[in-house]
Amino acid sequence: MSASGDLASDVSRLLGGTAVTAAAPAGRGHAWTLYRARLADGRDIFVKRALGEHDSATTAILHAEAEGLRWLRAAATDLVPPVLAADDHTLILPWLTPIEPTRAAAERLGIALAGLHSHATDAYGAPWGGWIATLPQDNSRVTGEWGRWYARHRLQPLLPAAAPVLGRAGVRLFEQVVDRIDDLAGPPEPPSRIHGDLWSGNLMWTRDGVLIIDPAAHGGHRETDLAMLRLFGVPGLDRILGAYGECFPLSPGFEHRVALHQLYPLLVHVVLFGGGYRDQAVDAAGRALAS
C-alpha cells in the first residue's frame with residue numbers, strides 16, 4: 001500500500017510532522033472513508049476521513065465522536081482508545097487488531113464497564129452536540145430524574161420521523177411510555193458516563209482487552225449501555241453482566257427495564273433503516289409498558 005498525497009500530508013500535519021509511509025482503504029461508513037496507515041515511527045493508525053466536501057453535519061459528527069472518546073477515556077483509560085488527533089474532517093486513532101472474543105476478556109469488559117459507569121456526572125447530556133450514527137442527538141444538560149430526560153430528549157424527538165413507519169397504534173404505544181415514564185424508569189440513580197451506542201460492532205476485542213469505539217457518549221443511565229449490549233447480542237454477554245454486577249450491582253428490577261432502555265436505539269433504527277425494525281420497536285414498547 002502507498003500513501004496518497006493529501007491523506008499523508010493531512011495526517012502528518014495533525015500528528016505534528018510524523019510522516020505517513022503507507023495507507024490503504026479499510027472500509028467505508030455513513031459519510032467516511034476509513035484507512036489503515038503506517039507511520040514512519042512504525043505505528044499503525046486508524047484514520048476516519050470525511051468523503052468529499054465535508055458539511056457542517058459531518059464536522060459536528062466527527063467533533064462529537066472525538067469529544068466523546070476523550071471524555072470516556074478520562075474515566076477509563078483501559079477501555080477507550082486515545083484520540084491521537086482530530087480536526088473538522090479527520091479522526092485518528094491507534095490501529096486496533098481484532099482477535100476472537102474470549103470468556104476472560106468478556107469478564108474484564110464487565111469490570112471495566114462498571115468502572116466507567118461508576119464515574120457519575122452532574123447532569124444528563126453532554127457539553128457538546130450529540131449524534132448517533134447520522135442523526136442529531138439532543139445532549140442538553142439537564143438535572144433531575146432520568147425518566148423525564150429520556151422521554152423528552154431521546155424518545156420524543158424521534159417520534160415524528162418514526163411515525164410513518166410505526167403507524168398510529170405503534171406511535172400510541174410510545175406515547176403511553178412517555179406518559180408513564182415516572183412509573184417505568186425505576187429507582188433514581190445519578191447520571192453516569194455512558195457510551196450510548198454500545199452494540200457489538202462498537203466493541204473491539206484485542207490482545208490488550210476489549211476497547212469501546214464510535215460512541216454517542218453522554219451522561220445517562222448506566223442500564224442503557226447494558227440494555228444495548230443485549231439488543232443485538234454480544235459474545236460472552238452472561239459473563240459481561242455477571243462481572244459487572246459483582247462490581248457495581250444493578251438496582252432491583254433491571255430485567256424489567258431492559259425494553260425501556262432499548263426503545264431509543266430501536267427508534268434510531270426505524271428512522272435510519274425503515275420498516276424492518278418496526279415490529280421489534282413496537283414489541284419493545286409493549287414490553288416496557290407491561291413491566
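The structure displayed is predicted, hence computed values, not measured ones.
- Atom CZ in Phe232 sits 12.5 Å away from atom CG in Leu198 (nearest 0.5 Å).
- In terms of modelled atom types and a separation under 3.5 Å, the side chain of Ser118 and the main chain of Gly115 share a donor-acceptor contact.
- Residues satisfying the side chain to side chain donor-acceptor pair (under 3.5 Å) test with Arg180, not counting sequence neighbours, are none.
- When all heavy atoms of Ala126 and Arg141 are compared, the closest pair comes out as O-CG, 3.5 Å.
- Atom CG of residue Leu155 and atom CZ of residue Phe174 lie 7.0 Å apart, to the nearest 0.5 angstrom.
- In this structure a side-chain-to-backbone donor-acceptor pair under 3.5 Å is missing from Asp225 to Asp197.
- The side-chain heavy atoms of Thr58 and His89, taken from C-beta on, include no pair separated by under 4.5 Å.
- Crowding of Arg73 atom CZ: a count of heavy atoms from other residues, nucleotides or ligands under 6.0 Å exceeding 12.
- Cluster partners of Leu211, by chain and number: Leu96, Met204, Ile213. The rule joins Ile, Leu, Val, Met, Phe, Trp and Tyr whenever side-chain heavy atoms lie under 4.5 Å apart.
- The distance from the CG atom of Leu84 to the CD1 atom of Ile92 is 7.0 Å, given to the nearest 0.5 Å.
- A donor-acceptor contact shorter than 3.5 Å is absent between the side chain of Thr121 and the backbone of Arg193.
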Open item on the list: Show, in sequence, the C-alpha distance, side-chain angles and deciding distance for Glu65 and Arg70, and conclude whether the salt bridge (charged side-chain N to carboxylate O under 4.0 Å, His left out) test is met.
Closed with: CA-CA 9 Å; Glu65 182 176 352; Arg70 292 179 177 125; over 6 Å; no
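- Side-chain contact check for Leu93 versus Pro82: every heavy-atom pair is 4.5 Å or farther apart.
- Contact of the Val234 side chain with the Leu109 side chain is not registered, since no non-hydrogen atoms from C-beta on lie closer than 4.5 Å.
- Between Arg257 and Leu184 there is no side-chain heavy-atom pair separated by less than 4.5 Å.
- The shortest distance between side-chain heavy atoms of Leu166 and Val282 falls below 4.5 Å.
- A distance-only check finds no donor-acceptor pair linking the side chain of Tyr150 to the backbone of Gly220 [under 3.5 Å].
- Closest approach of Val20 to Ala37, counting heavy atoms only: CG1-CB, 4.2 Å.
- In this structure, Asp138 does not pair ionically with Arg154, as no charged nitrogen and carboxylate oxygen lie closer than 4.0 Å.
- In terms of the side chain to side chain donor-acceptor pair (under 3.5 Å) criterion, His63 has no residue partners (sequence neighbours excluded).
- Residues satisfying the side chain to side chain donor-acceptor pair (under 3.5 Å) test with Ser192, not counting sequence neighbours, are none.
- Hydrophobic cluster membership differs between Val47 and Ile61, with clusters built from Ile, Leu, Val, Met, Phe, Trp and Tyr side chains linked at under 4.5 angstrom.
- Leu113 is listed as a side-chain neighbour of Leu229, based on a closest heavy-atom distance under 4.5 Å.
- If you take OG1 on Thr59 and CG on Asp87, they are separated by 8.5 Å, rounding to the nearest 0.5 Å.
- Clustering ILVMFWY residues whenever any of their side-chain heavy atoms sit less than 4.5 angstrom apart, transitively, puts Leu62 in a cluster other than the one holding Ile45.
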Could you pull out every donor-acceptor pair under 3.5 Å between side chains of residues 74-81 and any protein atom, sequence neighbours left out?
none

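- Taking hydrophobic clusters as Ile, Leu, Val, Met, Phe, Trp and Tyr residues chained together by side-chain heavy-atom distances below 4.5 Å, Ile194 does not share a cluster with Val210.
- Here Ile111 is tied to no hydrophobic group at all, with no ILVMFWY side chain closer than 4.5 Å.
- Applying the side-chain hydrogen bond (donor to acceptor under 3.5 Å, both in side chains) test to every pair with at least one member in residues 181-190, sequence neighbours left out, gives these pairs: Arg148-Asp182, Glu189-Arg222, Glu189-Ser251.
- Here the side chains of Asp41 and Thr18 are in contact, with some heavy-atom distance below 4.5 Å.
- Closest non-hydrogen pair, Asp122 versus Pro191, comes out as C-CG, 4.4 Å.
- Note that the CG atom of Leu69 and the CD1 atom of Ile212 stand 8.0 Å from one another [nearest 0.5 Å].
- The two atoms that bring Leu91 and Ala66 nearest to each other are CD1-CB, 3.9 Å, heavy atoms only.
- For Ala57 against Trp131, the heavy-atom pair with the smallest separation is CB-CH2, 3.9 Å.
- Note that NE2 of His117 and NE2 of His119 are 11.0 Å apart. Values are rounded to the nearest 0.5 Å.
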Determine all donor-acceptor pairs shorter than 3.5 Å in which one atom belongs to a side chain in residues 263-273; sequence neighbours excluded.
{"residue": "Tyr264", "atom": "OH", "partner": "Gln137", "partner atom": "OE1", "Å": "2.9"}
{"residue": "His269", "atom": "ND1", "partner": "Pro265", "partner atom": "O", "Å": "2.9"}

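- Evaluation of the side-chain hydrogen bond (donor to acceptor under 3.5 Å, both in side chains) test over residues 208-219, restricted to residues two or more places apart or in two chains, returns none.
- Residues passing the side chain to side chain donor-acceptor pair (under 3.5 Å) test with Arg49 are Asp10, Thr90, sequence neighbours excluded.
- For His221, the ring pair (Phe, Tyr, Trp, His ring centres under 6.0 Å) partners at least two apart in sequence or on another chain are Trp146, His261.
- The hydrophobic cluster containing Met228 also contains Leu135, counting ILVMFWY residues as joined when their side-chain heavy atoms lie under 4.5 angstrom apart, directly or transitively.
- Ala123 and Thr143 get closest at one heavy-atom pair: CB-CG2, 4.1 Å.
- Taking the side chain as every heavy atom from C-beta outward, Arg287 and His256 never approach each other to under 4.5 Å.
- In terms of hydrophobic clustering, with Ile, Leu, Val, Met, Phe, Trp and Tyr side chains grouped at heavy-atom distances under 4.5 Å, Leu14 and Tyr35 are assigned to a common cluster.
- Applying the side-chain hydrogen bond (donor to acceptor under 3.5 Å, both in side chains) definition to pairs two or more places apart or across chains, those involving residues 95-108 are Glu107-Arg239.
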